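Contents: one structure, followed by commentary.
Note that the structure is predicted; figures quoted are calculated from it, not measured.
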Amino acid sequence: MSTVAASARIHPMAVVEDGAVIGENVSIGPFCRVGSKVVLGDDVELISNAVVTGRTQVGRGTRIFPMAVIGGDPQSVHHAGEETTLFVGENCTMREGVTMNTGTVDGGGTTVVGDRCLFLANSHVAHDCILGNDIIMSNNVMLAGHVKVGDRVILGGGSAVHQFSRIGRQAFIGGLSAVNYDVIPYGMLNGNPGLLGGLNVVGMTRAGIERATIHKVRRAYKDIFEAEGNIRTNAAALRDEYLDCPEVMEILDFIGADSDRAISSPHRGKA
């Protein structure tokens, strides 16, 4: 038996399977399908022809547009039908044709999407991805499995991200770019293969980061990527110099963290 709040509005031509949990003021339009293990938080809207399936939880105020499929099985040859999950935060928007998959057992079992994220038409979030808050994925962006994306990242249309890659907070990925390696926080990456083209200064300014701090981050960027030697070695050597700048320390911590991928740089073949 489904648990449906009294204030929910469900079109008579929608299908809500037994077991689903439907919150207050939820709106489910015609030809939508909601699976038996789905939880829709208060004020969620499924406009029409949308599918929410699997063990999926959708946070308050999220809107899902036609032809989106949220919570489908992972597209992994290793998936053998195990029950895994998808968690979507509050006030997200999934435009037409967006797809998001649940996790895999080997990848931790859960795909996570934060709050206030915008997914434009036909963008894809694969199994075991971990996304932060306030992310924008433009049309046709593709995230492979196990990708991690930090808060306030913007991915331009048609860009693609290699599995197990990390994209740091407030990075900007240009349209049609191929993200083969990790992208530092505040980095700006373009091209195929993707190369760092500097810092996302516009995004940093819009986030309220002071000009003096941006200059510090620029200087650190040059010391990391333009000096002789290995990127990770250069970054480690800067820690004492920038202890008073959280933004630089965030970049240094990102570079120093364990990862399956190399670090994107302005130079091909340098990692």
Side-chain angles (χ1 to χ4, degrees), residues 59-63 87-95 98 112-120 123 125 129-139 141 143 147-161 165-177 179 181-191 194-226 231 234-235 238-239 241-257 259 261 263-266:
R60 175 193 293 268
T62 289
R63 302 181 73 210
F87 177 85
V88 177
E90 298 183 355
N91 297 307
C92 292
T93 299
M94 292 88 158
R95 291 302 304 257
V98 167
V112 178
V113 174
D115 298 334
R116 300 177 302 278
C117 295
L118 172 60
F119 302 89
L120 298 187
S123 54
V125 178
C129 288
I130 307 294
L131 276 61
N133 302 320
D134 302 296
I135 293 165
I136 298 175
M137 285 177 46
S138 301
N139 297 56
V141 171
L143 302 185
V147 167
K148 295 181 179 179
V149 183
D151 296 346
R152 297 177 64 89
V153 168
I154 297 175
L155 296 104
S159 56
V161 184
S165 294
R166 299 177 298 149
I167 302 177
R169 187 168 69 93
Q170 275 192 232
F172 182 92
I173 309 301
L176 301 177
S177 294
V179 182
Y181 304 120
D182 293 348
V183 181
I184 61 168
Y186 313 106
M188 181 175 288
L189 182 137
N190 284 285
L195 298 177
L196 276 184
L199 296 171
N200 181 18
V201 174
V202 171
M204 296 172 77
T205 302
R206 288 176 177 171
I209 298 175
E210 296 180 355
R211 184 180 297 245
T213 299
I214 293 174
H215 287 323
K216 276 189 177 182
V217 179
R218 276 176 160 166
R219 188 169 72 247
Y221 178 93
K222 290 181 179 179
D223 291 340
I224 294 167
F225 293 104
E226 296 181 11
I231 289 171
N234 293 345
L238 296 176
R239 297 192 67 86
E241 183 178 350
Y242 289 99
L243 289 173
D244 64 339
C245 184
E247 290 79 7
V248 173
M249 294 304 296
E250 183 178 359
I251 294 172
L252 301 182
D253 289 342
F254 183 92
I255 293 172
S259 178
R261 309 296 296 162
I263 301 292
S264 296
S265 85

Exam field: side chain [X] to backbone [Y], donor-acceptor pair closer than 3.5 Å:
X: Ser259; Y: Ser165; answer: no
X: Ser264; Y: Leu196; answer: no
X: Arg166; Y: Phe254; answer: yes

Nearest 0.5 angstrom please: [X] [atom1] to [Y] [atom2], how far?
X: Leu131; Y: Lys148; atom1: CG; atom2: NZ; value: 12.0 Å
X: Ile136; Y: Leu155; atom1: CD1; atom2: CG; value: 9.5 Å
X: Leu195; Y: Tyr181; atom1: CG; atom2: OH; value: 10.5 Å
X: Leu143; Y: Ile167; atom1: CG; atom2: CD1; value: 7.0 Å
X: Ile263; Y: Ile255; atom1: CD1; atom2: CD1; value: 5.5 Å
X: Ile231; Y: Asp182; atom1: CD1; atom2: CG; value: 11.0 Å

Who pairs with [X] by salt bridge (charged side-chain N to carboxylate O under 4.0 Å, His left out), at least two apart in sequence or on another chain?
X: Asp115; answer: none
X: Arg116; answer: Asp134
X: Glu90; answer: none

Query raised in the report: For Arg218, does the CZ atom have more than 12 heavy-atom neighbours from other residues, nucleotides or ligands under 6.0 Å away?
Result: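 It does not: Arg218 CZ has 12 such atoms or fewer within range.
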
Testing the basics here: between [X] and [Y], what is the closest heavy-atom pair and its distance to 0.1 Å?
X: Phe119; Y: Val98; result: O-CG2, 3.6 Å
X: Cys92; Y: Gly114; result: SG-O, 3.1 Å
X: Thr213; Y: Glu247; result: CG2-OE1, 3.3 Å
X: Ser138; Y: Gly157; result: CB-N, 3.4 Å

Tell me every residue that passes side-chain contact (heavy atoms from CB on, under 4.5 Å) with [X], counting only those two or more places apart in sequence or in another chain.
X: Leu176; value: none
X: Leu238; value: Asp223, Ile224, Glu241, Tyr242, Leu252
X: Phe172; value: Ile154, Met188, Asn200
X: Arg169; value: Asp151, Tyr186, Glu250

[X]: side-chain hydrogen bond (donor to acceptor under 3.5 Å, both in side chains) partners, not counting sequence neighbours:
X: Asp253; answer: Arg239
X: Lys216; answer: Asp244
X: Arg206; answer: none
X: Arg95; answer: none

Are [X] and [Y] side-chain neighbours, meaning at least one heavy-atom pair lies under 4.5 Å?
X: Val153; Y: Val183; result: no
X: Ile173; Y: Val161; result: no
X: Val88; Y: Met94; result: yes

Query raised in the report: Checking side-chain contact (heavy atoms from CB on, under 4.5 Å) against Cys129, which of Val113, Val147, Val112 comes through?
Result: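 In the set Val113, Val147, Val112, the residue that makes a side-chain contact (heavy atoms from CB on, under 4.5 Å) with Cys129 is Val147.
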
**Report entry** Residue from Ser265, Ser177, Ser159 passing side-chain contact (heavy atoms from CB on, under 4.5 Å) with Leu189
**Finding:**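 Option passing the side-chain contact (heavy atoms from CB on, under 4.5 Å) with Leu189: Ser177.
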
Query raised in the report: With sequence neighbours excluded, what pairs up with Tyr221 under the ring pair (Phe, Tyr, Trp, His ring centres under 6.0 Å) test?
Result: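 Counting only residues at least two positions away or on another chain, Tyr221 forms a ring pair (Phe, Tyr, Trp, His ring centres under 6.0 Å) with Phe225.
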
